[in-house]
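Here's the structure we're looking at; comments come further down.
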Amino acid sequence: MATNPSGSGDRLLQNKALRRTSSGRVVSDNESDRQLSLTTGSNKFMSFKNQPTDLDQQCWLYESRGTYGIGNAYNDKDEPETGTKLAAILDKPWKPLTRKTQVPPSVLSPYRFLVAIRLVVQVLFLSWRLQNPNFDAMWLWGISISCEIWFAISWLLDQLPKLNPINRATDLVALKDKFERKSPENPTGRSDLPGVDVFISTADPDKEPPLVTANTILSILAVEWPIEKVSIYISDDGGAILTFEAMAEAVEFGHLWVPFCRKHNIEPRNPESYFTQKTDPTKNKKRADFVKDHRWMKREYDEFKVRINGLPDVIRKRGERYNHREEMKEKKSERSGGSEESFHLPKATWMADGTHWPGTWFTPTVDHKKGDHAGIIQLMSKVPETDPVMGEDNEGKLDFTDVDIRLPMFVYVSREKRPGYDHQKKAGAMNALVRASAILSNGPFILNLDCDHYIYNSMAIREGMCFMLDRGGDRVCYIQFPQRFEGIDPSDRYANHNTVFFDGNMRALDGLQGPVYVGTGCMFRRYALYGFSPPRAIEYSGIVGQKRKPAATLSPGRSLQAVRAQDHDDDHDHDTSPPTEEHPDLNLPKKFGNSNMFVDSIAVAEYQGRPLADHVSVKNGRPAGALLAPRPPLDALTVAEAITVISCWYEENTEWGERIGWIYGSVTEDVVTGYRMHNRGWRSIYCITKRDAFRGTAPINLTDRLHQVLRWATGSVEIFFSKNNAFLASSRLKFLQRIAYINVGMYPFTSIFLVAYLFLPALCMFTGQFIVPNIDATFLTYLLIMTITLALISLLEVKWSGIALEEWWRNEQFWAIGGSSAHLGAVIQGLLKVIAGIEISFTLTSKSAAEDDEDIYADLYVVKWSSLFVMPLTICITNIVALIMGTARTLFSVIPQWNKLFGGAFFSFWVLAHMYPFMKGLMGRRGKMTTIIYVWAGVLSITISLLWITISPPDEIRKM
């Protein structure tokens with residue numbers, strides 16, 4: 001099969017002695033012949049070259065001039081050497097960092113077809129229902145048809161954004177090759193990756209245990225990212241010394257834990273999760289000293305936990321000792337001065353170095369209580385060295401030879417709080433971190449985590465960064481990771497995993513303009529958080545956004561010039577202003593505050609966050625090697641400026657919270673913040689990793705779960721009645737993305753119709769009537785078709801999302817439970833706030849303690865009575881009473897109407913099946929219910945029975 005490379009190529013070059021290459025270089029006949037034979041004589045070679053595979057085989061064939069396989073297509077032993085280097089011929093092809101894969105058409109096409117079929121059948125069914133009212137029970141018919149029309153609209157709003165689900169994958173090897181390999185631009189092989197600032201928020205060590213927060217910090221300290229380019233910030237909004245000293249203990253323990261993780265490639269890198277996992281820790285471990293190191297580290301961690309648990313007593317005793325000393329000094333000075341007046345010293349809280357704690361004291365006093373304390377910034381671990389610092393053998397304890405023992409920079413931040421200021425809760429704390437981190441480290445990307453969400457996959461940041469640094473990544477505002485939870489009961493009674501949302505809805509939104517921001521596990525582009533528009537955007541017009549055109553946007557450089565010009569003269573009309581101002585969100589941010597150092601950092605963060613300009617298709621890129629310079633050391637002036645930007649007055653007369661940073665005005669500031677970015681034309685990415693990126697905890701108690709849902713739903717109602725309603729969105733928001741955000745604001749209102757519909761079966765049983773005149777073949781046919789199509793749609797949705805049928809059913813059950821309780825409460829709260837300006841809250845009124853402290857699921861059985869229980873409990877009791885009364889009426893009736901009984905009974909059982917987890921939760925452990933449940937059940941049963949007897953008395957009483 002050997003071919004002569006001087007064949008067809010020579011015939012093509014007979015008339016020319018020299019040829020000019022595409023780069024302008026003149027080559028000879030022999031060299032040109034060889035190059036042309038490579039390009040025209042072997043299509044197989046070109047296809048092989050473009051494959052992103054290992055080039056070792058090609059390298060061997062070329063350098064050894066082998067005589068078999070593909071090497072024969074271009075190697076001739078008799079041909080003289082031309083001096084051509086392998087790199088000039090076998091250039092490594094440009095490789096993207098990510099790839100997008102569509103859901104298989106065999107799943108997606110039937111899914112879309114069934115959605116269309118169900119929509120048509122739904123319209124026909126509603127038309128038939130409107131044309132065939134039940135004149136014997138018009139009120140039943142009116143309630144039912146109103147609910148069904150709303151359910152059809154709600155189903156459509158939920159279903160339309162799920163028509164284009166996609167999957168994504170990353171290439172971590174390509175990321176390493178691009179940014180961490182030796183090259184002419186990077187001769188030392190130092191990392192050219194951008195910096196990442198990790199934000200952790202906490203507020204109260206009593207509600208958020210310091211040990212949990214410390215484990216989260218330890219998992220971040222050991223993350224797989226260039227150590228000198230990771231900075232960790234914890235926001236302690238309570239200014240508690242307990243949190244501060246727990247973080248100091250975590251850093252001290254981290255000097256052992258982090259090198260241990262790097263040495264043995266430990267996963268997960270949260271010590272509590274690692275040491276409590278049930279798998280074999282020696283699996284895939286090959287180093288001989290692993291067992292010794294594991295045993296030693298386990299003991300060190302147990303001692304660390306004891307120290308954390310003992311911190312409250314240590315701090316209290318220290319305070320008593322120092323306060324006693326100060327009192328003695330004061331009394332001594334009074335006696336020496338001859339003064340008879342007694343001076344009362346406040347009971348201060350003391351730090352370990354013998355100074356007053358500037359934050360909140362155990363005994364609150366002026367300037368040292370919640371809502372009134374100074375701003376604090378403390379470097380818990382210093383800025384790491386630029387070059388690796390290798391450890392050594394610690395006298396037989398832990399051998400860290402050839403292991404990098406550096407820790408990332410870790411900063412404790414507690415913003416200043418004073419009476420009279422609205423500190424805006426978590427959103428305000430996050431904005432303070434944004435400003436402080438911009439001064440201290442200015443990482444172009446920000447990872448936001450809750451204090452109980454730790455890094456479960458040490459490569460998570462690398463996975464997300466692939467999307468930010470890939471071609472087109474400069475248009476991505478944030479990467480949202482799915483939330484995964486630990487400590488959930490095996491049956492997931494209250495749908496805490498929420499996989500239908502995280503694996504279904506969010507994956508589908510990724511096929512549009514991107515997933516919504518859900519508050520944690522999210523990596524932001526800092527430049528997007530500052531309120532700027534993307535470098536390129538699309539405007540959509542038409543009824544369904546079918547017309548597309550490029551939006552008139554400013555480049556990042558011109559945007560920053562315009563901001564600086566506005567900062568110098570706000571009243572002057574500048575030519576650099578954006579060409580369109582059809583929507584307020586499209587205007588440039590103007591007021592960042594009076595810190596010039598912060599304003600100067602914006603351009604640096606924008607430039608460092610750009611993708612690598614290593615391909616002609618990469619727009620708005622940066623050259624390779626631009627981020628190799630070491631980080632400058634921190635000085636006193638820089639830290640002082642960071643203290644200034646976290647002061648309580650800094651945000652006055654600025655746009656922080658209005659269009660810059662986290663947005664204020666809603667309890668769900670996360671959704672609003674993401675919506676504002678999408679509204680400017682940014683897109684977001686959903687990153688599902690093979691190994692969960694992050695894991696956290698979720699409430700498994702019924703009351704806690706309902707109050708969590710209540711907060712989310714209340715935020716959605718606030719969004720609906722605010723300027724953040726998607727009906728008012730700009731033309732840069734895709735049509736289906738707009739539908740998704742409209743559904744976010746409207747879904748709590750479904751609870752009004754859901755509650756009415758859940759009472760309908762009972763009303764039918766009480767009255768002996770039904771929602772249709774007769775249960776005939778037409779009604780049953782429509783019902784059967786809609787049920788089958790809905791079941792098939794659900795099965796296909798389970799197929800492309802990867803969730804289990806049990807998870808889908810749990811989600812349906814909790815939709816009915818939450819919709820009839822928390823969602824309804826949120827609507828009541830929202831309407832009262834909008835109409836009357838009244839703010840109410842649902843609080844716990846009684847609680848029973850868990851009996852078994854050893855059971856990790858003990859909290860599942862704890863019954864905490866809440867006013868949110870009233871409506872679902874009423875629904876359950878009403879349907880049970882109605883089943884009994886309806887069955888008795890039919891059995892003792894002269895002319896039994898069995899069809900209406902079966903129709904009402906079927907739907908009553910449908911309601912009770914959905915409410916089963918709620919009823920099981922009220923029973924507590926082993927059927928032990930609290931007294932208040934019996935009281936409410938009895939009162940409701942008697943009230944419902946007497947009410948119905950009064951409304952519809954028996955015939956004998958009616959004749960009297």
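Just so it is clear, the values below take in all heavy atoms, side chains as well, and ignore hydrogens, waters and symmetry mates.
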Does [X] reach the main-chain N or O of [Y] with its side chain, forming a donor-acceptor pair under 3.5 Å?
X	Y	answer
N701	T703	yes
S219	N270	no
T673	I663	yes
T520	D450	yes
E208	D452	no
R810	E806	no
N879	L758	yes
Q513	K734	yes
S684	P515	yes
S716	V744	yes

Problem set entry | Trace of the side-chain contact (heavy atoms from CB on, under 4.5 Å) decision for F759 with I875 | CA-CA 6 Å; F759 277 114; I875 291 171; 3.6 Å; yes
Answer whether the closest heavy-atom distance between the side chains of [X] and [Y] falls below 4.5 Å.
X	Y	result
V121	T789	no
L119	W155	yes
L509	Q737	yes
D510	R683	yes
N505	P161	no
I771	W141	no
L124	Y782	yes
V120	I117	no

What are the two closest heavy atoms between [X] and [Y], and how far apart are they?
X	Y	result
M430	S201	SD-CB, 4.0 Å
S908	A762	OG-N, 4.1 Å
T668	G715	OG1-CA, 3.3 Å
M915	S820	CE-OG, 3.4 Å
V476	W682	C-CE3, 3.8 Å
V667	E718	N-OE1, 3.1 Å

Gap between atom [atom2] of [Y] and atom [atom1] of [X] - 0.5 Å precision:
X	Y	atom1	atom2	result
T781	F125	OG1	CZ	11.0 Å
N167	S801	CG	OG	10.0 Å
C466	I685	SG	CD1	12.0 Å
N496	I488	CG	CD1	4.0 Å
L706	Y494	CG	OH	8.5 Å
R493	I817	CZ	CD1	10.0 Å

Going by atom types alone, do [X] and [Y] pair a side-chain donor with an acceptor below 3.5 Å?
X	Y	result
W150	T750	yes
Y478	N448	no
W815	Y747	no

Exercise. What's the verdict on side-chain contact (heavy atoms from CB on, under 4.5 Å) for F502 and Y686, showing C-alpha distance, side-chain angles and the deciding distance?
Worked result: CA-CA 10 Å; F502 287 114; Y686 198 50; 3.5 Å; yes
For this session: Just do the side-chain contact (heavy atoms from CB on, under 4.5 Å) check on R168 and I688 with the steps written out, would you?
Result: CA-CA 8 Å; R168 297 183 185 271; I688 301 179; over 6 Å; no
For this session: Any salt bridge (charged side-chain N to carboxylate O under 4.0 Å, His left out) involving residues 141-160? Give me the pairs, sequence neighbours left out, ordered by first then second residue.
Result: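 For residues 141-160, and leaving out neighbouring residues, the salt bridge (charged side-chain N to carboxylate O under 4.0 Å, His left out) pairs sorted by first residue read R129-E148, D158-K162.
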Problem set entry | Residue pairs passing the salt bridge (charged side-chain N to carboxylate O under 4.0 Å, His left out) test where at least one lies in residues 686-699, sequence neighbours excluded |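 The answer is E267-R691, R484-D692, E486-R695, D692-R695.
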Exercise. Yes or no on ring-ring contact (aromatic ring centres under 6.0 Å, His included) for W712 and H707, after CA distance, side-chain angles and deciding distance?
Worked result: CA-CA 9 Å; W712 296 341; H707 278 262; over 10 Å; no
Exercise. Who pairs with F779 by ring pair (Phe, Tyr, Trp, His ring centres under 6.0 Å), at least two apart in sequence or on another chain?
Worked result: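 F779: no ring pair (Phe, Tyr, Trp, His ring centres under 6.0 Å) contacts found.
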Problem set entry | Which residues share a ring pair (Phe, Tyr, Trp, His ring centres under 6.0 Å) with Y741, sequence neighbours left out |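 If we apply the ring pair (Phe, Tyr, Trp, His ring centres under 6.0 Å) test to Y741, skipping adjacent residues, the hits are Y675, H678.
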Problem set entry | Single hit among F909, W809, Y757 for ring-ring contact (aromatic ring centres under 6.0 Å, His included) with H914 |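 That would be W809.
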Exercise. Is the shortest side-chain N to carboxylate O distance from D704 to K864 below 4.0 Å?
Worked result: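 Looking at K864 together with D704, the answer is yes, because their closest N to O distance falls below 4.0 Å.
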Exercise. Partners of E272 by salt bridge (Lys or Arg N to Asp or Glu O under 4.0 Å), sequence neighbours excluded?
Worked result: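 Residues passing salt bridge (Lys or Arg N to Asp or Glu O under 4.0 Å) with E272: K305.
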For this session: Provide the full list of side-chain hydrogen bond (donor to acceptor under 3.5 Å, both in side chains) pairs with a residue in residues 105-121, sequence neighbours left out, each pair given once.
Result: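 The answer is Y111-Q159, Y111-E797, R112-N164, R118-Q122.
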Problem set entry | Derivation of the side-chain contact (heavy atoms from CB on, under 4.5 Å) call for N498 and M506 | CA-CA 11 Å; N498 210 1; M506 296 284 274; over 6 Å; no
Exercise. Do W662 and F524 have their ring centres less than 6.0 Å from each other?
Worked result: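 Yes, the ring centres sit under 6.0 Å apart.
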Exercise. For atom CZ of F906, is the number of surrounding heavy atoms from other residues, nucleotides or ligands below 6.0 Å larger than 12?
Worked result: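 Atom CZ in F906 is not packed in, count stays at 12 or less.
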